[in-house]
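Notes follow once the structure below has been shown.
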Amino acid sequence: MSFSNKIKEIGAQAVQALWQQTVDLNDIHVNETKPEFDGEYTLVTFNLAKIARKKPAEIAEELGKHIVDTHSKVFTSYNVINGFLNLSLTDSLLLEFGKEKSLDTAVCNDNNTSGKIMVEFSSPNTNKPLHFGHLRNNFLGDSVSKIYKAYGYDVCKANLINDRGIHICKSMIAWQKEANNETPQSTNTKGDHFVGKYYVKFNDLYKAEMKELVDKGVSEKDAERQAPIFLEAQEMLRKWEAGDEETVSLWKKMNGWVYEGFESTYDRLGISFDRYYYESDTYLLGKKEVDEGLEKKVFFKKEDGSVWITIKEDPLDEKLVLRSDGTSVYITQDIGTAQLKFEQEQMQKSVYVIGDEQIYHMKVLKFILEKLGKEHAAGVHHLSYGMVELPHGKMKSREGTVVDADDMIDDMLAIAQKNTEELGKVDGFTPEELTQLYRTIGLGALKFYLLRVDPKKKMIFNPEESIDFHGFTGPFVQYTHARLSSILRKADDFSAEMDTALNIEERKMLTELEKFSSIIEQAAIEYSPALICNYVYHIAKSMNSFLNSQHILTAEADSKKALRIAIAKITKKTIAEGLSLLGIHAPERM
RNA sequence: GGUUCCAUAGCUCAGCUGGAUAGAGCAUCAGAUUUCUAAUCUGACGGUCACAGGUUCGAAUCCUGUUGGGAUCACCA
């Protein structure tokens with residue numbers, strides 16, 4: 001149990017003993033003590049005033065005395081300031097923690113909540129390559145998966161490929177019209193970029209046709225629907241759903257190109273999945289669910305044959321679940337996918353990492369699943385995140401105004417290389433190790449940059465300003481890890497009893513390090529890798545400061561040396577494990 | 001218009017279920033290296049927490065309203 005929870009329990013027991021009142025653990029407020037006061041943890045007593053019917057200062061005084069008297073192994077002393085009860089932990093408690101965690105095992109192993117969770121993320125469209133915004137999705141999903149695993153869950157990472165629909169047909173049409181049978185191989189282009197090029201091309205053609213119609217006096221809205229190339233795309237979707245051989249084989253060919261491109265990007269990012277779902281498989285399941293829902297009167301059919309659900313009566317809000325021509329829409333396949341997922345994994349929680357522009361869509365999906373009486377509906381959670389925007393506005397693949405993910409990665413690796421070379425830190429590495437190091441640092445900077453911001457906030461990325469390597473960044477944390485590794489290598493296998501009086505710096509480090517597992521718990525509950533970023537940075541910063549004033553290898557006594565080596569070891573492990581929850585590697589040297 | 005999210009230092013962001021004098025990084029300025037990795041450390045400068053009310057011992061945090069910005073409300077995905 002974490003120190004903080006332990007103190008809450010002790011506090012509650014003390015209230016019981018002193019005033020014969022039962023308090024909920026949530027009503028015992030325990031904070032970190034502000035640095036200007038003595039102590040590590042502070043118990044807030046204002047809200048206990050009613051229970052104890054005394055002034056806060058008196059409560060704090062009595063509680064402090066009682067707590068320190070009855071738990072002398074945990075607390076050494078207390079002080080009361082303005083009604084705040086500051087408690088100091090005993091050296092022995094901190095030393096015990098230090099001894100236990102400096103053993104050669106993982107630092108975090110005491111979260112063992114059981115349960116199964118599926119995290120769906122990435123979920124790309126097969127008509128365009130990944131851009132910078134998608135990276136946020138991928139990193140978030142990957143990190144949340146890792147956090148839940150550390151939290152004690154059985155995790156299944158899922159990728160739902162949007163491999164069907166009108167947008168795919170658009171790339172196919174443009175390719176048929178313009179490509180003269182050229183392929184990624186013949187043009188030496190990465191498959192996803194190759195196909196993305198034709199998606200952009202379709203929109204160029206589409207726009208030109210629309211303009212022509214508008215010039216003839218057709219309204220813009222009608223022009224959108226009447227443009228011949230748009231009608232062709234619609235026709236192609238019908239053919240595809242009907243199983244037309246030629247269409248399906250073209251579709252397979254072009255999707256194949258895209259998958260190759262995606263795989264290479266995932267590989268570079270160090271991201272993998274346990275299950276892949278394809279909408280081309282699940283949309284039929286969705287139709288089946290819609291049929292069943294019709295029987296159960298959850299849905300209703302309009303005269304033209306389209307199928308709807310009523311979300312709200314007043315004001316009327318209806319949602320289409322099946323088109324009048326019998327083809328499925330986005331939500332149809334989502335209903336099917338949700339069912340398939342649950343049949344396969346029987347998970348309690350199902351997280352969807354999807355941009356916040358789909359909040360309404362996900363609400364509707366959950367609503368429909370509930371109406372259909374699906375037991376897994378309750379576990380559905382939409383982890384939404386804000387758009388990544390450029391200083392000039394949004395990225396739009398249709399218009400080609402995007403920061404491409406592959407280009408971004410290349411840039412980061414180049415910057416990592418440049419910085420390393422400028423600092424003259426390339427000696428002693430083989431060329432292969434250097435390539436690996438640049439990848440570690442470059443990707444570390446990129447992932448940290450995108451994960452450190454609260455997911456629900458939109459973020460602005462200025463491509464003109466490169467991502468920093470100083471301060472609150474991935475490389476800063478990685479550097480601290482490398483620094484500690486270096487010191488620990490020099491420490492060899494030094495061992496000695498570490499029982500010694502702790503100074504304030506040592507107490508501070510150990511107290512901070514102890515919070516790791518509760519940070520993981522909180523990050524899991526809030527689905528927020530940003531909390532891990534903050535914590536891991538905080539630890540790294542404290543450690544660098546610690547190293548500035550506390551000598552490790554030349555400590556004044558063997559016991560001190562042993563203690564500080566232990567602190568260095570725990571910090572190193574905490575950083576490495578924390579970074580790994582973000583999908584970031586911690587280098588031994590950099 | 002309905003729904004919903006956001007607004008904190010010049011910039012990018014923390015601030016947990018309300019707690020002590022609102023914190024980091026970047027930028028600017030001034031320092032620290034014969035010493036375990038200076039991709040580091042120490043300090044200075046920088047704030048009407050969008051605005052106005054309310055709740056209470058106590059509000060950046062909760063409630064209401066206002067302003068500004070984003071998203072969404074399709075037989076698109």
Side-chain angles (χ1 to χ4, degrees), chain A residues 26-27 29 31 33-34 36-37 42 44-47 49 55-56 81-84 86 123 125 127 162 164-168 234 279 302 304-308 311-312 315 317 319-325 327-331 333-334 355-361 363-364 384 386-387 389 394 419-420 422-423 425 441 449 452-454 456-462 465 468-473 475-476 478-480 482-491 518-519 522 525-526 528 530-531 533-534 537-538 540-541 543-555 564 568 589-590:
Chain A
N26 291 326
D27 290 330
H29 296 291
N31 302 333
T33 302
K34 295 252 169 193
E36 55 268 37
F37 305 114
T42 296
V44 183
T45 56
F46 296 93
N47 59 326
K55 287 180 185 162
I81 295 169
N82 294 333
F84 293 91
N86 300 324
S123 303
N125 287 335
N127 59 338
N162 273 296
R164 63 172 292 280
I166 191 107
H167 55 296
I168 314 296
Q234 281 194 318
E279 292 198 336
K302 289 195 179 175
D304 62 4
S306 56
V307 181
W308 299 73
I311 308 287
K312 215 167 41 158
D317 185 8
K319 190 84 187 169
L320 179 91
V321 292
L322 206 62
R323 290 196 190 97
S324 51
D325 63 3
T327 56
S328 60
V329 287
Y330 188 31
I331 202 138
Q333 52 215 28
D334 276 352
D356 61 8
E357 71 275 11
Q358 296 198 32
I359 289 176
Y360 177 68
H361 173 82
K363 249 185 173 166
V364 170
S384 71
M387 200 83 72
E389 290 180 11
K394 284 190 219 166
N419 285 359
T420 308
E422 277 176 4
L423 288 165
K425 296 202 173 190
I441 298 172
Y449 180 84
R452 69 181 195 188
V453 181
D454 182 346
K456 66 172 176 279
K457 291 192 178 175
K458 69 174 184 199
M459 51 192 300
I460 296 169
F461 172 66
N462 188 350
E465 299 166 10
D468 214 321
F469 279 36
H470 302 278
F472 185 21
T473 67
F476 172 88
Q478 289 174 320
Y479 169 74
T480 312
R483 211 179 155 186
L484 288 172
S485 303
S486 165
I487 292 170
L488 288 169
R489 274 194 297 274
K490 288 183 179 149
S518 46
I519 297 285
Q522 202 190 335
I525 291 169
E526 293 182 26
S528 179
L531 296 178
C533 289
N534 277 306
Y537 168 67
H538 179 73
K541 192 170 160 50
M543 192 64 214
N544 276 314
S545 184
F546 182 90
L547 289 174
N548 204 43
S549 65
Q550 311 292 311
H551 287 259
I552 293 182
L553 300 179
T554 53
R564 289 178 190 167
R589 294 165 57 205
M590 71 181 271

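Computed from a predicted structure; not experimentally measured. So that the names make sense, note that chain A is the first sequence line, chain B the second, and so on, each numbered from 1.
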Report task. When you get a sec, tell me which of B/rA71, B/rC36, B/rA38 is the closest nucleotide to the side chain of A/I552? Result -> B/rC36

Query raised in the report: NA contact type, A/F37, heavy-atom cut-off 4.0 Å: base, sugar-phosphate, or nothing?
Result: base

Query raised in the report: Is the ring centre of A/F469 under 5.5 Å from the base ring centre of B/rA39, and are the two planes under 30° apart, so that they stack?
Result: no

Query raised in the report: Could you run down nucleotides 8-15 of chain B 5' to 3' and tag each one B, S or - for protein heavy-atom contact under 4.0 Å?
Result: ----SSSS

Query - Contacts of type ring pair (Phe, Tyr, Trp, His ring centres under 6.0 Å), residue A/F469, not counting sequence neighbours - result: none

Requested in this report: Go through the steps to decide whether A/Q478 and A/M590 satisfy the test side chain to side chain contact (heavy atoms under 4.5 Å, CB included), and finish with yes or no.
Outcome: CA-CA 8 Å; A/Q478 289 174 320; A/M590 71 181 271; 3.7 Å; yes

Requested in this report: Using the P atom on both, measure B/rC13 against B/rG68 and round to a whole Å.
Outcome: 22 Å

Report task. Please state whether the base of B/rA20 and the side chain of A/T42 form at least one donor-acceptor pair under 3.5 Å? Result -> yes

Query raised in the report: So what does A/V44 hit on the nucleic acid, given a heavy-atom distance under 4.0 Å: a base, only sugar-phosphate, or nothing?
Result: base

Query raised in the report: Is it the case that A/T473 and A/D468 place a side-chain donor and acceptor less than 3.5 Å from each other?
Result: no

Report task. Give a yes or no answer on whether the side chain of A/R564 reaches the backbone of A/H551 with a donor-acceptor pair at less than 3.5 Å. Result -> yes

Requested in this report: Write down the distance separating the C1' atoms in B/rU28 and B/rG70, rounded off to the nearest Å.
Outcome: 32 Å

Query - Heavy-atom donor-acceptor pair, A/D468 side-chain to B/rA27 base, under 3.5 Å - result: no

**Report entry** Side chain proximity check, A/N47 to A/H29, heavy atoms < 4.5 angstrom
**Finding:** yes

Query raised in the report: Could you give the CG-to-C1' distance, from A/D27 to B/rG18, as a whole number of Å?
Result: 13 Å

Requested in this report: Taking only the side-chain nitrogens and oxygens of A/R164, find out if one of them lies under 4.0 Å from OP1 or OP2 of B/rA77.
Outcome: no

Requested in this report: Answer with base, sugar-phosphate or nothing: what part of the nucleic acid does A/T420 contact at a heavy-atom distance below 4.0 Å?
Outcome: base

Query - Ring centroid separation A/F46 to A/F84 under 6.0 Å - result: yes

Query raised in the report: A/R483 has an atom CZ; how far is it from atom P of B/rU35, in whole Å?
Result: 13 Å

Query raised in the report: Mind checking what makes side-chain hydrogen bond (donor to acceptor under 3.5 Å, both in side chains) contact with A/N125, not counting sequence neighbours?
Result: A/N162

**Report entry** Euclidean distance for C1', B/rC57 against B/rC73 (whole angstrom)
**Finding:** 45 Å

Report task. Could I get the full list of side-chain contact (heavy atoms from CB on, under 4.5 Å) partners for A/S123, not counting sequence neighbours? Result -> A/E120, A/N159, A/L160

Report summary line: For RNA chain B, consecutive-pair runs of 3 or more (Watson-Crick or G-U wobble, both H-bond-type distances under 3.5 Å) give B:1-7 with B:67-73, B:10-13 with B:23-26, B:28-32 with B:40-44, B:50-54 with B:62-66

Query raised in the report: Between A/H167 (NE2) and B/rC76 (P), how many Å, whole number?
Result: 13 Å

Query raised in the report: What does A/I166 touch in the nucleic acid at a heavy-atom separation under 4.0 angstrom: a base, only the sugar-phosphate, or nothing?
Result: sugar-phosphate

Query raised in the report: With A/I519, which residues qualify under side-chain contact (heavy atoms from CB on, under 4.5 Å), at least two apart?
Result: A/K515, A/I532, A/Y535

**Report entry** Sugar-phosphate only, base, or nothing, as touched by A/N86 at under 4.0 Å among non-hydrogen atoms
**Finding:** base

Report summary line: A/K363 atom NZ is separated from B/rG2 atom P, nearest whole Å, by 15 Å

Query raised in the report: Among B/rA39, B/rG19, B/rC73, which nucleotide sits nearest the side chain of A/Y360?
Result: B/rC73

Query raised in the report: Distance between the P atoms of B/rC6 and B/rA39, in whole angstroms?
Result: 39 Å

**Report entry** Any donor-acceptor N/O pair under 3.5 Å between B/rU37 base and A/K425 side chain
**Finding:** yes

Query raised in the report: How far does the P atom of B/rG15 sit from the matching atom of B/rA50, given to the nearest Å?
Result: 15 Å

Requested in this report: Would you mind reading off the distance between A/F46 atom CZ and B/rG19 atom P, rounded to a whole angstrom?
Outcome: 12 Å

Report task. Name all residues meeting the ring pair (Phe, Tyr, Trp, His ring centres under 6.0 Å) criterion together with A/Y537; count only those two or more places apart in sequence or in a different chain, and write none if there are none. Result -> A/F472, A/F476

Query raised in the report: Are any of A/T480's side-chain N or O atoms less than 4.0 Å away from OP1 or OP2 of B/rA39?
Result: no

**Report entry** Distance, C1' atom - from B/rG46 to B/rU8, rounded to whole angstrom
**Finding:** 14 Å

Query raised in the report: Can you tell me if the side-chain N/O atoms of A/H551 get under 4.0 Å from OP1 or OP2 in B/rU35?
Result: no

Query raised in the report: With a 4.0 Å cut-off on heavy atoms, is A/F84 in touch with a base, just the backbone sugar-phosphate, or nothing at all?
Result: base

Query raised in the report: Between atom CD in A/E422 and atom P in B/rA39, what is the gap in whole Å?
Result: 12 Å

Detail all sub-3.5 Å separations between protein N/O atoms and N/O atoms belonging to nucleotides 29-32 of chain B.
none

Report summary line: Across all chains, not counting sequence neighbours, the ring pair (Phe, Tyr, Trp, His ring centres under 6.0 Å) partners of A/Y330 are A/H361

Report task. Identify, with sequence neighbours excluded, every residue that meets side-chain hydrogen bond (donor to acceptor under 3.5 Å, both in side chains) alongside A/H538. Result -> A/E512

Requested in this report: Could you say whether A/K490 or A/E279 is positioned toward the 5' end of RNA chain B, judged by the nucleotide with the nearest heavy atom to each?
Outcome: A/K490

Report task. Remember a base hit wins even if backbone is also touched, and classify A/S306 as base, sugar-phosphate or nothing at under 4.0 Å, heavy atoms. Result -> base

Requested in this report: Under 4.0 Å between any heavy atoms, over every strand shown, what does A/L488 touch: base, sugar-phosphate, or nothing? Just pick one.
Outcome: nothing

Query raised in the report: RNA chain B: A/K34 or A/Q550, which has the more 5' nearest nucleotide?
Result: A/K34

Report summary line: In whole angstroms, the gap separating C1' of B/rG25 from CZ of A/F476 amounts to 10 Å

**Report entry** Span that lies between the P atom of B/rA44 and that of B/rA59, in whole angstrom
**Finding:** 28 Å

Query - Contacts of A/K302 that satisfy side-chain hydrogen bond (donor to acceptor under 3.5 Å, both in side chains) - sequence neighbours left out - result: A/E318

Query raised in the report: Contact class for A/L322 vs. all strands (heavy atom < 4.0 Å): base, sugar-phosphate, or nothing?
Result: nothing

Query raised in the report: Does the pair A/K456 and A/D356 meet the rule for a side chain to side chain contact (heavy atoms under 4.5 Å, CB included), with working shown?
Result: CA-CA 8 Å; A/K456 66 172 176 279; A/D356 61 8; over 6 Å; no

**Report entry** Among B/rA20, B/rA39, B/rC36, the one nearest A/I81 by side-chain distance
**Finding:** B/rA20

Requested in this report: Mind checking A/Q478 for me? I need base, sugar-phosphate or nothing, with any heavy atom below 4.0 Å counting as a touch.
Outcome: nothing

Requested in this report: Would you mind classifying the nucleic acid contact of A/N26 as base, sugar-phosphate or nothing, using non-hydrogen atoms under 4.0 angstrom?
Outcome: nothing

**Report entry** Residues which pass side-chain contact (heavy atoms from CB on, under 4.5 Å) with A/L320, listed by chain and number, not counting sequence neighbours
**Finding:** A/S306, A/W308, A/R323, A/V329

**Report entry** Whole angstrom value for the distance that separates C1' of B/rG19 from CG of A/N82
**Finding:** 11 Å

